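Note that this is a predicted model, so its numbers are computed, not measured. Quick note: numbers below take in every heavy atom, side chains included, and nothing from hydrogens, waters or symmetry partners.
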Amino acid sequence: LISNVAQLAGLAKLVNGGCNFDGKTVELSADINLNNMDWKAIGTLDKPFKGEFDGNGHLISNFIISDSAATYQGLFGYCESANIHDFNVITVAAL
């Protein structure tokens with residue numbers, strides 16, 4: 001379960017470090033306000049997210065995407081055979 005900024009950022013760090021979550025489910029248990037954090041997407045071309053992300057109807061808000069050199073950008077960057085559903089996203093800006 002993910003309920004705060006540190007846990008969501010930790011998911012990104014784990015996936016981008018090579019833990020793809022294949023066969024595992026990650027669930028949001030609260031709305032998360034990223035407080036204008038410069039966000040690094042969950043998953044890269046070489047290290048995609050492959051699990052299930054169930055947002056349970058929650059909101060992830062207020063993050064900035066500023067890496068103009070990155071190919072895959074957003075809350076999730078690159079996914080492969082993933083199931084991502086049931087949440088809302090509001091970004092502050094994509095620079």
Side-chain angles (χ1 to χ4, degrees):
L1 292 176
I2 292 180
S3 63
N4 61 49
V5 173
Q7 291 170 336
L8 188 61
L11 173 65
K13 186 174 182 178
L14 286 171
V15 173
N16 296 342
C19 181
N20 64 25
F21 284 80
D22 191 16
K24 297 186 173 44
T25 299
V26 177
E27 293 184 47
L28 283 184
S29 60
D31 292 346
I32 299 177
N33 182 339
L34 292 169
N35 297 310
N36 300 328
M37 173 186 279
D38 186 9
W39 182 251
K40 302 299 179 199
I42 300 168
T44 67
L45 182 60
D46 295 335
K47 297 174 183 168
F49 177 76
K50 295 183 178 184
E52 177 176 1
F53 185 90
D54 184 348
N56 289 317
H58 291 290
L59 173 68
I60 298 172
S61 62
N62 299 320
F63 60 98
I64 297 169
I65 300 169
S66 66
D67 186 356
S68 62
T71 304
Y72 300 97
Q73 299 184 43
L75 181 65
F76 284 85
Y78 194 85
C79 302
E80 186 176 293
S81 302
N83 184 2
I84 300 169
H85 58 91
D86 198 23
F87 66 99
N88 296 295
V89 173
I90 299 173
T91 60
V92 171
L95 306 174

**Asked** Is any side-chain heavy atom of K47 closer than 4.5 Å to a side-chain heavy atom of N16?
**Response** no

**Message:** Are F53 and F21 an aromatic pair, judged by ring center distance below 6.0 Å?
**Reply:** no

**Message:** With a 4.5 Å cut-off on side-chain heavy-atom distances among I, L, V, M, F, W and Y, is there a chain of contacts connecting L1 to L11?
**Reply:** no

**Request:** Report whether V26 and L34 are members of the same hydrophobic cluster (ILVMFWY, side-chain heavy atoms less than 4.5 Å apart, transitive linking).
**Result:** yes

**Asked** Could you give the distance from CD (Q73) to OG (S66), rounded to the nearest 0.5 Å?
**Response** 8.5 Å

**Asked** Does any non-hydrogen side-chain atom of F49 lie less than 4.5 Å from one of I84?
**Response** yes

**Request:** Identify the heavy atoms of S3 and A30 that sit nearest to each other, and give their distance.
**Result:** O-CB, 3.9 Å

**Prompt:** Going from CG on N56 to CG on D31, what distance comes out if it is rounded to the nearest 0.5 angstrom?
**Reply:** 11.0 Å

**Message:** For residues I2 and V5: do they belong to one hydrophobic cluster (side chain heavy atoms under 4.5 Å, members Ile, Leu, Val, Met, Phe, Trp, Tyr)?
**Reply:** yes

**Asked** For the residue pair A41 and A12, what are the closest heavy atoms and their distance?
**Response** O-CB, 4.4 Å

**Request:** For side chain to side chain contact (heavy atoms under 4.5 Å, CB included), just list the numbers for D54 and N83, CA-CA rounded to whole Å, side-chain angles, deciding distance to a tenth of an Å, and then say yes or no.
**Result:** CA-CA 8 Å; D54 184 348; N83 184 2; over 6 Å; no

**Asked** In Å and rounded to the nearest 0.5 Å, what is the NZ to NZ distance from K24 to K50?
**Response** 12.5 Å

**Asked** Does the side chain of K40 reach to within under 4.5 Å of the side chain of K13, using non-hydrogen atoms?
**Response** no

**Asked** How long is the span from the OH atom in Y78 to the OG1 atom in T44, to the nearest 0.5 Å?
**Response** 10.0 Å

**Prompt:** Of D38, V89, N33, which meets side chain to side chain contact (heavy atoms under 4.5 Å, CB included) against F63?
**Reply:** V89

**Prompt:** Are V15 and I65 joined in one hydrophobic group, where the rule is that I, L, V, M, F, W and Y side chains link up if heavy atoms are under 4.5 Å apart?
**Reply:** yes

**Prompt:** Do you know the tightest heavy-atom contact between N4 and A6?
**Reply:** OD1-N, 3.1 Å

**Prompt:** Rounded to the nearest 0.5 Å, how far apart are CG of N35 and OG of S61?
**Reply:** 8.0 Å

**Message:** Using a 3.5 Å distance criterion without hydrogens, assess whether the side chain of D86 forms a donor-acceptor pair with backbone atoms of G57.
**Reply:** yes

**Request:** Check the hydrophobic clustering (I, L, V, M, F, W, Y; side-chain heavy atoms under 4.5 Å; chains of links allowed) and say if F87 and I90 are grouped together.
**Result:** no

**Item:** Qualifying residue for side chain to side chain contact (heavy atoms under 4.5 Å, CB included) with L59, from N88, I32, L28
**Value:** N88

